[in-house]
Amino acid sequence: MRWSRYFLYTSKEDPAEAEAPSHRLLLRAGFVKQVSAGVYEILPAGWRVIRKIESVIRKEMDRSGAQELLLTVLNPAELWKETGRWDSYGDELFRLKDRNSREYCLGPTHEEEITDLVRRFIRSYRQLPLILYQIQVKFRDEKRPRFGLIRGREFLMKDAYSFDTDEMSAMMSYETMKFAYDRIFKKLRLNVVMAEASVGNIGGSMSHEFIAPTEYGEARFGYCENCSYAANAEIIPLPKPAQESEEERPLEKVKTPGTKTIEALSDFLKVPPRKILKALLYRVKDEWLMVLIRGDREVDENKLEAVLGTDEFRLATDEEVRELLGTEKGFIGIFNLPDRIRTLWDNSVHGVKNMVVALNEPDWHYVNANPGRDFHYGEFADLAQVADGDPCPKCGSPLKVRTGLEVGHIFLLGTRYSEPMKAYYTDPEGKERPIVMGCYGIGVSRVMAAIVEQNHDDKGIKWPTPVAPFELEVLCLNMSDKDMASVAEKIYMEAEEKGIETIYDDREESAGFKFADADLVGFPYRIVVGKKVKEGKVEIQKRATGESWDVPVGEAVNRVKELIEEDKR
RNA sequence: CGGGGCGUAGCUCAGGUGGCAGAGCGUCGGCUUUGGGAGCCGAAGGUCGGGGGUUCAAGUCCCCCCGCCCCGACCA
């Protein structure tokens, strides 16, 4: 491909709206174009990357026995009503009506449609197990699309679904997919951690997330370097710590003017945050709940949701705190509580001695409050966000907690969909049984973003060879120099002939301009044709490492071919 | 959905107290230049996000709406 004819237009300046590196670089280097919030066009160079990612996925899915098909984007509402998700999916579902007022949605995922398809063809245990998959555009009307391709409202996804006769067999399908995913991410040169995850709304009994560690990420996960445990932070349990052995000091009431935050109170009293009892008032449906947690801890609202069994809760407003407790936020405590307030004590509070506790009186705190003597614990629960250094639930070593991007997620669904949709098969005894399902997703467009997040520097992208839009760029530094241009042309033709995916920068631009563009767009190898052609030499440069080699003109293409093949192994 | 920021040329942005619509980059034409986003000359390019209002006069002040980004909540 000649760059002078290629639909690839870079920009010298960072786009104003982008912050995350992948968002910024994919826009600036001309891979994608934004249409509206969370909706992107994928331009030719970007599409070449996507197609390579897809082909890696296809190869591994096919190899594991899965069969590709293509479901519809337009889903009839009836199927979604069968599983109850027409209502429970909420505003995230793009809904529309046809000219006859029949209701549809744009598929955000395809459990309903695939289950409908399978129940029409699968009748016998002899037809199972079965794994079907597709690569298709998905629609989710996210409340907050973010970071370009990382969280879009329209995005590409590979979704696979497994169908088995029983839980045991389903587990084997699940394991098969786990191995396939492992191979896929390795081939994509994406560093991922497989983490235990919660099943969430989709339902089911077991789930793992494949998280690519990145600075800009939405998933928090913890992992243990000692025993290789890894899990999404929201499901890592934190036990009650042991009782502190500190001697109990006498209770004291202290004036603490204006100390509305833990930080301010800690500074004022010269007491570490972990010695402060933090109290948060929640509105849960129509009831009140006070959560007590150590001052150095944050509430993980996913854990709170799991404990409460509902997501219908929020923090109380300033007015509600005033009305109910007669105090201000920052001075909420456990004393003189109205009976109708339920309390939940986070495990972290257990055993802490000589705490600072508010008493629902603005500008006053107790210091040296002790359990048993000055107050009594209530119901304990695990509600705290996991932090770096918390103990591994398997072996007790300190965990590392990081952020990342969830690029894949697999679920053992059980009969969550087959049961309500009556997807049954007949077993060898002639009895009807529900098919046991699993589902397996990879965010294809998000994978492209994740690769950029993990492979870039301040100049631009460094595409790993297996997913690069072109493997080689031939860069002619001066198009008006006849010798240079003809050598560059020859090298370009030779590279194409030898099956190297090559882009030839034949644009009439200055050397600096072309180098800067080459770094930005990030093709893994380039052959620079410059002044050294006079000595019969050109320069090979490797984007990932910055290495370069001067080689004779006649050897350059073969040398690059070797390097590329090595990378792809 | 709550909080914050922004919307002016293709892109990045400047335009106190209301008074002729601007710069750099990019584009087009010409000259010159070619190992790290070159230089000079010239040109084209705008419903100032949209609507309403105040005013002799609105990019600027007021009201309503829309869009985009960031934080939080939410999220297979």
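Just so we're on the same page: letters track the sequence lines, and every chain starts at 1.
With respect to the salt-bridge test (charged N to carboxylate O, under 4.0 angstrom), the residues A/Arg526 and A/Asp505 do not qualify. Using a 4.0 Å cut-off between charged nitrogen and carboxylate oxygen, A/Asp481 and A/Lys531 do not count as a salt-bridge pair. Remark: A/Lys532 engages A/Asp550 in a salt bridge, criterion side-chain N to carboxylate O under 4.0 Å. A salt bridge links A/Arg183 with A/Glu60: the closest approach of a Lys/Arg side-chain nitrogen to an acidic carboxylate oxygen falls below 4.0 angstrom.
Put simply, the side chain of A/Glu13 and the base of B/rG26 share no donor and acceptor less than 3.5 Å apart.
At whole-Å resolution of the value, CD in A/Glu19 and P in B/rC6 are 15 Å apart. If you measure from atom CD1 of A/Ile150 to atom P of B/rC71, you get 11 Å, rounded to the nearest angstrom. Following rounding to the nearest Å, A/Asp14 (CG) and B/rC69 (P) show an atom-to-atom distance of 16 Å. The nearest whole Å value for the distance from the CD atom in A/Glu320 to the P atom in B/rG2 is 16 Å. A/Glu142 places its CD atom 14 Å from the C1' atom of B/rC1, with the value rounded to the nearest Å. To the nearest angstrom, C1' of B/rC75 lies 18 Å from CZ of A/Phe139. Distance A/Leu405 CG to B/rC75 C1': 14 Å, rounded to the nearest Å. The nearest whole Å value for the distance from the CG atom in A/Asp141 to the C1' atom in B/rC75 is 12 Å.
If you run ring-ring contact (aromatic ring centres under 6.0 Å, His included) between A/Tyr504 and each of A/Phe470, A/Tyr6, A/Tyr492, A/Trp3, only A/Tyr492 comes through.
Between A/Phe210 and A/Phe185, the distance separating the two ring centers is shorter than 6.0 angstrom. The ring of A/Tyr161 has its center no closer than 6.0 angstrom to the ring center of A/Phe163.
B/rC25 and B/rC62: their P atoms are spaced 35 Å apart (whole Å). Of the P atoms belonging to B/rU54 and B/rU60, the separation is 15 Å, rounded to the nearest Å. When the P atom is used for both B/rC70 and B/rU34, the distance is 44 Å, rounded to whole Å. Nucleotides B/rA14 and B/rC6 are separated by 10 Å at their P atoms, to the nearest Å. For the C1' atoms, the distance linking B/rC11 with B/rG30 amounts to 25 Å, nearest Å. Taking atom C1' in both B/rG49 and B/rC56, the straight-line distance is 28 Å, to the nearest Å. Between B/rG29 and B/rG45, the distance separating the two C1' atoms is 15 Å to the nearest Å. Across B/rG15 and B/rA9, the matching P atoms stand 15 Å from one another, rounded to whole Å.
The residue among A/Tyr89 and A/Arg146 whose nearest nucleotide of RNA chain B lies closer to the 5′ end is A/Arg146. Position along RNA chain B of the nearest nucleotide to A/Asn302 versus A/Ala18 favours A/Ala18 as the more 5'-ward residue.
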Given the rule that a pair is Watson-Crick or G-U wobble with both distances under 3.5 Å, how would you write RNA chain B in dot-bracket, using | for pairs to a different strand?
-> (((((((..((((.....[..)))).(((((.......))))).....(((((..]....))))))))))))....
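Contact check of residues 443-451 of chain A against RNA chain B (heavy atom, cut-off under 4.0 Å) returns no residues at all.
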Could you go over nucleotides 40-42 of chain B and give all protein N or O partners under 3.5 Å, atom names and distances?
none

Extract from the structure each pairing of a protein N or O with an N or O of nucleotides 65-68 of chain B at less than 3.5 Å, listing the distance.
| residue | atom | partner | partner atom | Å |
| --- | --- | --- | --- | --- |
| B/rC68 | OP1 | A/Ala37 | N | 2.7 |
| B/rC68 | O3' | A/Gln34 | NE2 | 3.4 |

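Annotation: ring pair (Phe, Tyr, Trp, His ring centres under 6.0 Å) contacts of A/Tyr104 (sequence neighbours excluded): none.
Judged by the 6.0 Å distance and 45° axis criteria, A/Arg95 is positioned over the aromatic ring of A/Trp86.
Taken from CG in A/Asn302 to CZ in A/Arg220, the straight-line distance is 10.5 Å, to the nearest 0.5 Å.
Counting any heavy atom pair closer than 4.0 Å across all strands shown, A/Arg144 reaches a base atom.
In A/Tyr9, the OH atom is crowded: over 12 heavy atoms of neighbouring residues, nucleotides or ligands sit closer than 6.0 Å. For A/Glu215, the CD atom sits in a loose shell: 12 or fewer heavy atoms of surrounding residues, nucleotides or ligands are nearer than 6.0 Å.
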Going 5' to 3' through nucleotides 31-39 of chain B, assign each nucleotide B (protein heavy atom under 4.0 Å from a base atom), S (under 4.0 Å only from sugar-phosphate atoms) or - (no protein heavy atom that close).
-> ---BBBBS-
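A donor-acceptor pair shorter than 3.5 Å cannot be found between the side chains of A/His208 and A/Tyr440. Looking only at atom types and distance, the side chain of A/Tyr282 has a donor-acceptor partner in the side chain of A/Glu301 under 3.5 Å away.
Annotation for A/Arg85 and A/Leu93: closest pair O-CD2, 4.4 Å, computed over non-hydrogen atoms. In plain terms, the two heavy atoms of A/Leu8 and A/Ala29 that are nearest each other are CD1-O, 3.2 Å.
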Kindly determine whether A/Trp288 and A/Phe313 satisfy ring pair (Phe, Tyr, Trp, His ring centres under 6.0 Å), including the steps that lead there.
-> CA-CA 9 Å; A/Trp288 297 104; A/Phe313 59 82; over 10 Å; no
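A heavy-atom distance below 4.5 Å is found between the side chains of A/Glu218 and A/Arg151.
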